[in-house]
Amino acid sequence: KNEVEQSPQNLTAQEGEFITINCSYSVGISALHWLQQHPGGGIVSLFMLSSGKKKHGRLIATINIQEKHSSLHITASHPRDSAVYICAVSSAKIIFGKGTRLHILP
Amino acid sequence: GAVVSQHPSWVICKSGTSVKIECRSLDFQATTMFWYRQFPKQSLMLMATSNEGSKATYEQGVEKDKFLINHASLTLSTLTVTSAHPEDSSFYICSAIRDRGLDTQYFGPGTRLTVL
C-alpha cells in the first residue's frame with residue numbers, strides 16, 4: 001500500500017461543477033502539499049498546510065491530522081483547471097501521491 | 001510568496017553530451033534543495049538532497065557520478081546530467097526549503113530533458 005493515496009485517479013467534470021480531490025496518508029507528517037502539474041509538466045505549488053484550512057481564489061484545501069486526510073476543492077471549475085493535482089507529504093522525506101488527472105469540459 | 005526558478009525549462013541534447021540544470025531561490029536563502037525526477041505518468045521521485053556547502057545525499061539507485069549536484073551558494077543548486085542517454089529523458093524538478101527547521105518547501109517549475 002502506498003504511503004500517500006489519492007482519489008480519484010481520474011476525474012472528468014463539466015465546467016462549473018464543484019470538484020473534490022482526496023488524499024490519505026499513513027505516515028506522520030509535518031506538512032502536506034498540494035501541487036498542480038500542467039500538461040507541459042510545469043509544477044505550481046498550490047498549498048502547504050499542516051492544520052485546518054486554506055483558501056486561495058476558487059481553491060480550498062483542508063487537512064484533518066487525526067484522520068490523516070486532506071481534500072482539495074475547486075469551486076466553479078473551469079477548463080483551465082484541467083491538470084494533474086498531486087498531494088505530497090513531508091515526513092522524513094517528501095512522499096508524493098500518484099496524482100489525480102482532472103479534465104473540465106466546457 | 002517564495003519563488004523557485006529553474007533554467008532551462010526544456011532542453012534537447014544529443015546522446016553522450018552533458019546537460020546542466022539550474023535551480024535558484026529568487027527571494028530567499030535555501031540551505032537545502034531537493035532534486036526530483038518524474039518519468040511519464042509516474043510520481044515524482046526524490047533523486048538527491050543538496051545542502052549548501054556540502055556533498056549531496058543521493059537516494060538509492062541514483063548514480064552520483066552521473067547526476068552531479070553542486071550547491072555552491074544559498075540561492076543556487078545545479079544538477080548536471082553527464083553523458084546523457086535517451087533513458088535519462090525525464091522531467092527534473094527542484095525544490096527548496098526556505099527556513100532551517102521549518103517545513104516550508106517551494107517547488108521549481110521543472111525542466112524537461114529530452115536526449116536524442
Side-chain angles (χ1 to χ4, degrees), chain A residues 1-7 9-10 21 23-52 54-57 59 61 63 65 70 83-103, chain B residues 1-12 21 23 25-26 28 30 32-51 56-60 62 89-114:
Chain A
K1 190 177 186 299
N2 293 330
E3 293 166 303
V4 179
E5 295 275 1
Q6 285 186 237
S7 63
Q9 288 186 325
N10 295 282
I21 299 171
C23 175
S24 296
Y25 53 92
S26 58
V27 295
I29 70 169
S30 53
L32 183 142
H33 307 259
W34 281 103
L35 311 172
Q36 180 191 55
Q37 186 171 32
H38 285 283
I43 284 190
V44 175
S45 292
L46 299 176
F47 296 103
M48 179 174 61
L49 62 166
S50 55
S51 65
K54 287 190 176 181
K55 184 176 187 294
H56 186 256
L59 302 177
I63 188 169
I65 296 294
S70 175
V84 175
Y85 292 84
I86 301 169
C87 169
V89 299
S90 295
S91 183
K93 59 180 65 173
I94 195 159
I95 307 168
F96 294 90
K98 292 187 176 181
T100 295
R101 188 172 299 276
L102 175 65
H103 186 202
Chain B
V3 177
V4 174
S5 71
Q6 283 184 238
H7 178 80
S9 55
W10 60 269
V11 57
I12 301 172
I21 302 170
C23 176
S25 54
L26 297 183
F28 66 98
T32 302
M33 290 183 171
F34 301 92
W35 286 97
Y36 304 89
R37 179 168 54 181
Q38 184 185 39
F39 291 109
K41 297 186 179 180
Q42 293 189 23
S43 297
L44 289 150
M45 296 296 294
L46 179 65
M47 297 176 66
T49 302
S50 170
N51 294 298
T57 303
Y58 291 81
E59 296 300 300
Q60 193 171 10
V62 178
S89 298
S90 186
F91 193 63
Y92 293 87
I93 301 162
C94 73
S95 68
I97 288 183
R98 179 172 185 165
D99 298 306
R100 190 190 298 275
L102 298 177
D103 207 5
T104 48
Q105 185 164 172
Y106 300 91
F107 289 86
T111 297
R112 183 164 300 284
L113 170 63
T114 301

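In what follows, chains carry the letters A, B, and so on, assigned in the order in which the sequence lines appear, proteins first and then strands, with residues in each chain numbered from 1. Note that this is a predicted model, so its numbers are computed, not measured.
With a 4.5 angstrom heavy-atom cutoff, A:Ile95 does not touch chain B via any of its atoms. With a 4.5 Å cut-off on non-hydrogen atoms, B:Tyr36 touches chain A through its side chain but not through its backbone. For chain A, the nearby part of B:Ile93 is the side chain; its heavy atoms alone come within less than 4.5 Å. For B:Phe91, the part lying under 4.5 angstrom from a heavy atom of chain A is the side chain only.
Screening A:Leu46, A:Val44, A:Ile43 against A:Leu35 for a side chain to side chain contact (heavy atoms under 4.5 Å, CB included) leaves a single residue, A:Ile43.
Listed by first and then second residue, the side chain to side chain donor-acceptor pair (under 3.5 Å) pairs involving residues 42-52 of chain A amount to none (not counting sequence neighbours).
Shown here are the side-chain contact (heavy atoms from CB on, under 4.5 Å) partners of A:Ala88, two or more places apart in sequence or in another chain: A:His33, A:Ile94, A:Phe96.
When only modelled atom types and interatomic distance are considered, B:Gln6 and B:Thr111 share a side-chain donor-acceptor pair under 3.5 Å.
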